[in-house]
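The first residue of the sequence shown is numbered 1, and numbering continues consecutively from there.
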Amino acid sequence: MPPELRKIVERQRGPVLFGALVAAATASGLTDYVPLAAALGVALALAVVAMTLREWVLIERGREVSEDQRLLMALEAEHQRLLIGLERATSSSHAEYSESIHQVWYIEPDGSDRGSTTYETRVFHPDSMAWRRVKLFATADLPTPSVSSMDFVAVEAVAGETEAFRVMEGGGLADYVVFFRTPVTSSTARSWTVRYRWPGLWDPLRKLGEDQCVLSFSKPGERGSLRVVFPHGTTDPPQRFFRRTPDEGTERFEEHEGRPSLMWEFGPCSPGQTFRADIRARLG
């Protein structure tokens with residue numbers, strides 16, 4: 001069907017198209033040149049043809065939409081296949097290393113909570129590290145943010161921003177793989193940071209007055225720290241963590257970027273060791 005005719009036909013509703021043709025032919029039948037019965041017959045025939053053409057156009061359009069949907073489904077399947085391959089390729093450690101980990105959580109009054117984690121990674125000779133998996137957890141049963149709302153960025157201290165891709169999610173977990181600009185070797189430690197948002201992460205603290213943050217070590221760690229930064233104007237910020245597990249290291253209450261914060265430093269850290277800090281605070 002010619003594109004021009006197709007545009008005209010598919011824009012019209014069936015009853016409107018039918019009525020318009022019947023009215024036009026009937027009007028011609030009221031003249032002295034065309035018998036009314038003949039005009040009505042022609043009108044009905046034209047209306048049936050026109051409505052048939054319109055249904056044909058809609059069927060063609062439906063086929064095109066279906067093709068587009070099949071193409072999108074195929075692309076999504078290919079995307080998932082590539083992510084699964086990337087997840088399998090990076091699922092196990094490819095180098096022996098140790099690192100210090102320093103985590104900061106920013107509690108925002110409007111729920112737009114964010115965090116940053118700085119790593120100081122040292123690889124043991126003769127290994128090298130071209131990539132590193134980063135797993136972010138929510139301690140409560142919270143949905144994982146979308147890629148766009150999480151706004152995950154990886155930055156190397158010297159080289160600047162580098163590539164990062166999400167390879168797994170769900171169950172309060174966001175799992176990324178970070179690719180370094182140059183591999184980390186035993187010659188020098190690499191300092192790098194990931195920054196991200198997790199809207200609503202600290203909702204339990206805002207609503208119930210209690211919450212917890214966790215930092216785990218899969219490899220040996222020289223030092224570690226957890227810092228919780230409270231909103232501007234918090235009238236009675238806690239001076240100490242309610243509980244620390246294990247009860248080691250040092251904690252202090254101090255200002256961070258003009259906001260009250262609690263800081264817990266610890267180390268050395270053993271592989272598989274987890275540090276938990278319980279918080280009680282009124283933010284309202």
(request) With rounding to the nearest 0.5 Å, note down the distance linking OG1 in T117 to CD in Q103. (result) 4.0 Å
(request) Flag the pair R206 and D113 as a salt bridge only when some basic side-chain nitrogen lies within less than 4.0 angstrom of an acidic carboxylate oxygen. (result) yes
(request) State yes or no: are the ring centers of Y196 and W105 separated by less than 6.0 Å? (result) yes
(message) Holding to side-chain contact (heavy atoms from CB on, under 4.5 Å), I want the full list of residues that pass it with E163, two or more places apart in sequence or in another chain.
(response) F165, F179
(request) Would you kindly say whether T118 and T193 are connected by a side-chain donor-acceptor distance under 3.5 Å? (result) yes
(message) As an exercise, state the distance from OG of S191 to NE2 of H102, rounded to the nearest 0.5 Å.
(response) 8.0 Å
(message) Before you tell me yes or no, could you show the steps for E99 and K219 under salt bridge (Lys or Arg N to Asp or Glu O under 4.0 Å), namely the whole-Å CA-CA distance, both residues' side-chain angles and the distance that decides it to 0.1 Å?
(response) CA-CA 7 Å; E99 61 187 358; K219 294 291 183 178; over 6 Å; no
(request) For the pair F180 and R132, evaluate side-chain contact (heavy atoms from CB on, under 4.5 Å) and give the outcome as yes or no after the intermediate values. (result) CA-CA 8 Å; F180 300 110; R132 167 79 156 78; 3.8 Å; yes
(message) Exactly one of E251, E265, E254 should register a salt bridge (Lys or Arg N to Asp or Glu O under 4.0 Å) with R227. Which one does?
(response) E254
(request) Report yes or no: does S146 contribute a side-chain atom to a donor-acceptor pair with the main-chain N or O of S149 at less than 3.5 Å? (result) yes
(request) Could you tell me which residues satisfy ring pair (Phe, Tyr, Trp, His ring centres under 6.0 Å) with Y119, sequence neighbours excluded, listed by chain and number? (result) W192
(request) Keeping the roles fixed (side chain from R181, backbone from E161), state whether a donor-acceptor pair exists under 3.5 Å. (result) yes
(request) Could you tell me whether R244 atom CZ has more than 12 heavy atoms of other residues or ligands within 6.0 Å of it? (result) yes
(request) Tell me, please, which residues at least two apart from E169 pass side-chain contact (heavy atoms from CB on, under 4.5 Å). (result) T144, R166
(message) As an exercise, state the distance from CG of D211 to CG of L201, rounded to the nearest 0.5 Å.
(response) 7.0 Å
(request) Using the rule that two of Ile, Leu, Val, Met, Phe, Trp, Tyr join whenever any of their side-chain heavy atoms come within less than 4.5 Å, decide whether F253 and I107 are in one cluster. (result) yes
(message) Between V194 and L215, is there shared hydrophobic-cluster membership here, with clusters defined by ILVMFWY side-chain heavy atoms closer than 4.5 Å?
(response) yes
(message) Any carboxylate oxygen within less than 4.0 angstrom of a Lys/Arg side-chain nitrogen, looking at E120 and R190?
(response) no
(message) Run V134 and D175 through side-chain contact (heavy atoms from CB on, under 4.5 Å) and show every step you take.
(response) CA-CA 6 Å; V134 174; D175 190 350; over 6 Å; no
